[in-house]
Amino acid sequence: LQAEPQGEVWLKGTEVVPADRWQKEGSLWKTTSEQSFCRVCTTNADPKKEGMAAYPEQAFINDEPLKQVARKEDVKPGTFYVDDPNPTTLKDPKNENNRLGFNIPPAHQVTYYLGSDPTQGTAEISKYTRALTSTGKRFKMRGINVAQFSPNQVWDFKDPRLGSESGPVAVSINGADSVIQDSTFAQSATSSFFFNHAENGRFVNNKVLDNGGAGMGGNYSHNLTIENSEFSGNNAEGFLTNGSLCTAYCGIADVKITHAKSVTFRGNKVDYSQKKVNHTDKNNKMPIAFWCDEGCIGTATVNNFFTNVGQAVGYEVSSGGVIASNIIESSGAGINVMGSDKVKIYNNTISRTFRPINIGEDKRAKGCNAYDTNKKCISGEKWSQSQKLSWDTTGTQLYNNIISSRLTVQNDSSGPYWAYPIRTIGADNLDGSAKLYSNDLFEGMDYDAFYRSRPQAEPYVLTWDLKDKPDPVNILFSRTSEIASNPAVNKKIDGLERHALDQFGARSANPFFVKEADGDADFKKSDYHLKAGSPARGSGKALPADVAKAIDPSGTTVKPNAAVDRGALVNPMMKAQ
């Protein structure tokens, strides 16, 4: 499925409503549609908590989205309301748990009310939920743009007109060896794209923009490659990204991957520079950029650029993998590894980010998400159990990273922030199988470089959690030179930052980069190449073969077992200007 040369092709989930179909009613314009949408079909078991994000309906004038409101009397310019006289409801009598099923009405008309004049441009309203489902092998799609579909968040909902293909993605690729290239996926009500049991898939040079919920995802799609693509503006509807288990948080990310071996996320850009956000506010509803969860095995997250994201990389209850040569700037969190073993974190550059690196143990263990009062598993995750994953954070390697000019707020080293360049977190497993704390998490940590403004503003470089101490933070290291000499630290951990670079100074005098932008919100204004004479040049730990190959598969510029710089080695935005 391919656009002709120089052709521009769009699959759109809306219908164009001509001027003669709009009727004026007071200050509003109204029209009818034959398609109603499920407003209670959310990942969140209680759809009310998601507010208007749960409503899939959309309206556009000249491709500019209007904001949906809950009441007709709230409609004003730039907004719209949909009057559904017989909406889908929940079978739960308390109307707060959609896991108990739905009362689905027959197909019927709904009425759209717009507060802006739709006759002064091209007006479109929601009509379809799914653009394309591919089940065959070796499907290829190039230059086909997909926009403005309105899926809900439930896979098995039976819509009376649209059937089971009413959610939760606009494009579902279900066949092996598929290639998706040179396309845009934009403005869907929830998620735009999904690889489902699609091995050896390739997603190359695409754009995933301004979708209401997640950008794209993959499940049981081994050997998947996502590269040279751009992500921005997703979770535009503001689905919840924090709170209790399985709110929309379970699936909201620019990219969310689960149950998969050998996924590669390489050379991509996740850019939220257009968005104003307070990264010290936990309720800002920013999605995770790249999130591997519940049994990712051997993932390579390399050479990507993240700016102004909520969290750049999440690696959760998974195993193995390389996180290397990424640039993360002006963001809420950088790299977060939880409940995952044998993760190699090498040569990342993290600038002006609130929580640069977090390494922690997860209380869940051995592929179990929940336990009864007798510590017996009552919610097993079959894939992780079949792969015998521990869901324990052990064997972490942390080398050659540069953490520079951390975004700070006053007293952020205490509650509620607990923000540090590197934070380590221990935990007791809920099944009683292990108690893993900072001394148990690492195989090695060394050759990292730290640049802080001044000791008064950034007094600590690393935290250490001990088994026999209940406090959130037991040891706070002010300088890297203190780590190896502390008697409470496990001396079997390689390096213990004996070769770290640990300096203070102004951003304008950054000793590592050619240029580090001064402001926390100065996006894409830095040059992250190492300056001449930088102490980070050629002073890093030699790379293992798998890390070098993940960064540079050709082996032409990055080689194993050779002298290497600290910080990012290969990246599309080394000069982020």
Side-chain angles (χ1 to χ4, degrees), residues 311 313-321 323 333-346 348 350 353-365 389-401 403 406 412-450 452 458-500 502 541:
Q311 178 180 307
V313 180
Y315 208 62
E316 182 177 356
V317 290
S318 292
S319 180
I323 302 172
I335 297 168
N336 185 27
V337 175
M338 295 293 290
S340 301
D341 65 328
K342 301 176 183 177
V343 180
K344 298 179 180 180
I345 306 169
Y346 279 74
N348 299 284
I350 307 178
T353 291
F354 191 45
R355 295 182 177 90
I357 295 179
N358 183 93
I359 309 295
E361 169 62 346
D362 194 295
K363 292 183 178 181
R364 296 169 291 173
L389 299 189
S390 68
W391 284 13
D392 287 336
T393 299
T394 57
T396 307
Q397 295 183 19
L398 188 70
Y399 294 102
N400 301 344
N401 304 285
I403 299 175
R406 189 175 68 83
D412 60 9
S413 60
S414 59
Y417 299 109
W418 310 113
Y420 310 89
I422 299 177
R423 184 174 180 197
T424 66
I425 304 171
D428 296 0
N429 285 345
L430 291 171
D431 65 351
S433 61
K435 296 181 179 182
L436 297 172
Y437 288 77
S438 299
N439 281 322
D440 311 300
L441 306 183
F442 294 93
E443 178 180 316
M445 54 187 308
D446 204 356
Y447 295 90
D448 296 304
F450 303 88
R452 293 177 279 167
E458 299 181 68
Y460 306 115
V461 68
L462 173 70
T463 75
W464 212 250
D465 238 1
L466 302 176
K467 289 180 181 178
D468 57 348
K469 303 288 185 181
D471 298 328
V473 174
N474 301 135
I475 303 175
L476 292 168
F477 291 109
S478 297
R479 302 304 301 265
T480 56
S481 58
E482 302 170 2
I483 300 170
S485 62
N486 191 295
V489 173
N490 181 4
K491 301 304 184 290
K492 293 182 179 180
I493 299 173
D494 175 67
L496 291 174
E497 299 296 1
R498 289 180 175 90
H499 302 93
D502 188 1
K541 178 181 175 64

Undergrad: Okay, side chain of N348, backbone of Y346: is any donor-acceptor separation there less than 3.5 Å?
TA: yes
Undergrad: Taking the side chain as C-beta and beyond, is there a heavy-atom pair between K491 and L496 under 4.5 Å?
TA: yes
Undergrad: Does the side chain of S390 reach to within under 4.5 Å of the side chain of K342, using non-hydrogen atoms?
TA: no
Undergrad: Using every non-hydrogen atom in the two residues, find where P356 and P421 come nearest and quote the distance to one decimal.
TA: CB-O, 3.3 Å
Undergrad: How far does CZ of R452 sit from OG of S478, to the nearest 0.5 angstrom?
TA: 7.0 Å
Undergrad: State whether a side-chain donor-acceptor pair under 3.5 Å links D494 with Y399.
TA: yes
Undergrad: To the nearest 0.5 Å, how far apart are OG in S319 and CH2 in W391?
TA: 12.0 Å
Undergrad: Name all residues meeting the side-chain hydrogen bond (donor to acceptor under 3.5 Å, both in side chains) criterion together with K344; count only those two or more places apart in sequence or in a different chain, and write none if there are none.
TA: D546
Undergrad: If you look at every heavy atom in G334 and Q311, which pair is closest and at what distance?
TA: O-CG, 4.1 Å
Undergrad: Using a 4.5 Å cut-off on heavy atoms from C-beta on, say whether the side chain of V317 contacts that of L389.
TA: no
Undergrad: Quick one: are F477 and V489 in side-chain contact, heavy atoms under 4.5 Å?
TA: yes
Undergrad: Does the R355 side chain pair with the main chain of Y417, one donor and one acceptor, at a distance under 3.5 Å?
TA: yes
Undergrad: How long is the span from the OG1 atom in T393 to the CG atom in D341, to the nearest 0.5 Å?
TA: 8.0 Å
Undergrad: Looking at D362, I345, I357, which hits side chain to side chain contact (heavy atoms under 4.5 Å, CB included) with V337?
TA: I345
Undergrad: Quick check: do L398 and I422 have side-chain heavy atoms less than 4.5 Å from each other?
TA: yes
Undergrad: With rounding to the nearest 0.5 angstrom, report the OH to CG distance, Y437 to L466.
TA: 10.0 Å
Undergrad: Kindly give the heavy-atom pair with the smallest separation between R406 and Y420, and that separation in Å.
TA: CD-C, 3.9 Å
Undergrad: Of the non-hydrogen atoms in K363 and D428, which two are nearest, and what is the gap between them?
TA: CG-O, 3.7 Å
Undergrad: Please answer whether the main-chain N or O of A488 pairs with a side-chain N or O of N486 as donor and acceptor at a distance below 3.5 Å.
TA: yes
Undergrad: Are E482 and L462 close enough, and set up right, to give a side-chain contact (heavy atoms from CB on, under 4.5 Å), and what steps lead you there?
TA: CA-CA 10 Å; E482 302 170 2; L462 173 70; over 6 Å; no
Undergrad: If you look only at pairs with a residue in residues 438-450, which of them pass as a side-chain hydrogen bond (donor to acceptor under 3.5 Å, both in side chains), with sequence neighbours excluded?
TA: Q397-E443, N401-D448, T424-S438, N439-W464, D446-H499
Undergrad: Ignoring hydrogens, what is the shortest heavy-atom contact between E361 and M338? Give both atom names and the distance.
TA: O-CE, 3.4 Å
Undergrad: Between S340 (side chain only) and Y315 (backbone N and O only), is there a donor and an acceptor less than 3.5 Å apart?
TA: yes
Undergrad: Just verifying a value: how many Å separate K469 NZ and I475 CD1, rounded to the nearest 0.5 Å?
TA: 9.0 Å
Undergrad: Any non-hydrogen side-chain atom of F442 less than 4.5 Å from a side-chain atom of N490?
TA: no
Undergrad: Taking atom OG1 of T353 and atom CD1 of I403, what is their separation to the nearest 0.5 Å?
TA: 9.5 Å
